[in-house]
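Can you keep this structure in mind? I'll have questions shortly.
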Amino acid sequence: MQKIYLARDALEAHFLKSLLEQAEIPATIQNELLQQIRGDIPFTMDSLPSLWVHDIHADEALALIEDHRHRAQNPHLAPNSPHWTCSCGQSHAPQFSECWKCGELKPE
């Protein structure tokens with residue numbers, strides 16, 4: 001398993017976990033309950049909720065999170081931009097030019 005994201009809070013962690021699970025990427029949240037005792041323990045980056053996925057899904061999960069963050073920072077982007085599907089069956093957001101599963105380039 002790999003830690004792929006350090007969330008601001010449990011709400012963000014659960015939102016991103018749901019986003020990944022919609023893409024059929026199982027994810028786990030660690031340290032989400034540490035927020036409840038934050039005044040009793042020293043605050044460090046390790047006490048923030050973190051999102052973990054299996055190694056084989058790490059690249060795809062990171063790409064999905066980055067896509068979400070990019071769209072959140074650029075609300076003018078079309079919400080329903082056409083996704084493309086690789087010949088291996090993996091679906092991708094339009095800005096990705098290469099399949100993260102098999103490495104095939106986006107068709108023209």
Side-chain angles (χ1 to χ4, degrees):
M1 302 258 322
Q2 280 187 38
K3 177 170 44 173
I4 59 161
Y5 191 79
L6 209 53
R8 291 185 310 268
D9 52 36
L11 182 64
E12 181 186 29
H14 278 279
F15 175 80
L16 293 173
K17 180 179 187 250
S18 295
L19 183 74
L20 295 177
E21 288 175 345
Q22 286 176 359
E24 298 182 5
I25 301 172
T28 302
I29 298 172
Q30 293 192 7
N31 298 336
E32 78 176 292
L33 298 178
L34 288 179
Q35 284 187 306
Q36 296 173 3
I37 59 171
R38 197 172 269 172
D40 298 331
I41 61 170
F43 174 74
T44 66
M45 296 303 275
D46 292 329
S47 62
L48 291 171
S50 56
L51 202 56
W52 293 70
V53 298
H54 290 283
D55 296 343
I56 60 171
H57 297 296
D59 291 338
E60 182 180 1
L62 286 168
L64 285 171
I65 290 172
E66 183 58 34
D67 179 52
H68 166 72
R69 293 182 72 210
H70 178 70
R71 290 188 180 286
Q73 293 170 355
N74 299 288
H76 62 279
L77 292 177
N80 294 323
S81 298
H83 282 57
W84 62 279
T85 302
C86 180
S87 61
C88 71
Q90 185 64 50
S91 177
H92 301 284
Q95 71 271 19
F96 296 109
S97 60
E98 187 177 314
C99 177
W100 53 66
K101 185 175 181 183
C102 72
E104 184 175 317
L105 294 177
K106 178 181 179 179
E108 294 301 320

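For reference, positions follow the sequence shown, starting with 1.
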Less than 4.5 Å apart, side chain to side chain, heavy atoms only: is that true for Gln90 and Thr85?
no
So Gln30 and Trp52, do their side chains get closer than 4.5 Å, heavy atoms only?
yes
Quick one: closest heavy-atom pair of Leu20 and Ala27, and the distance?
CD1-CB, 4.0 Å
Nearest 0.5 angstrom please: Lys3 NZ to Asn31 CG, how far?
8.0 Å
Side chains of Leu48 and Arg8: closer than 4.5 Å at any heavy-atom pair?
no
For Trp84 and Cys99, which heavy atoms make the closest approach, and how far apart are they?
CH2-N, 3.8 Å
With a 4.5 Å cut-off on side-chain heavy-atom distances among I, L, V, M, F, W and Y, is there a chain of contacts connecting Leu11 to Leu16?
no
Which is it for Ser87 and Glu104 under the side chain to side chain donor-acceptor pair (under 3.5 Å) test, yes or no, and what are the steps along the way?
CA-CA 8 Å; Ser87 61; Glu104 184 175 317; 2.5 Å; yes
Kindly give the heavy-atom pair with the smallest separation between Phe96 and Ala63, and that separation in Å.
CZ-O, 3.5 Å
So, for Ile29 and Pro49, which heavy atoms are closest and what is the spacing to 0.1 Å?
CG2-CB, 4.3 Å
Non-hydrogen side-chain atoms of His92 and Cys86 separated by less than 4.5 Å:
yes
Could you pull out the closest heavy-atom pair between Ile4 and Ala61, with the gap in Å?
CD1-CB, 3.5 Å
Looking at every non-hydrogen atom in both residues, tell me the closest pair between Val53 and Ala58 and how far apart they are.
CG2-CA, 3.7 Å
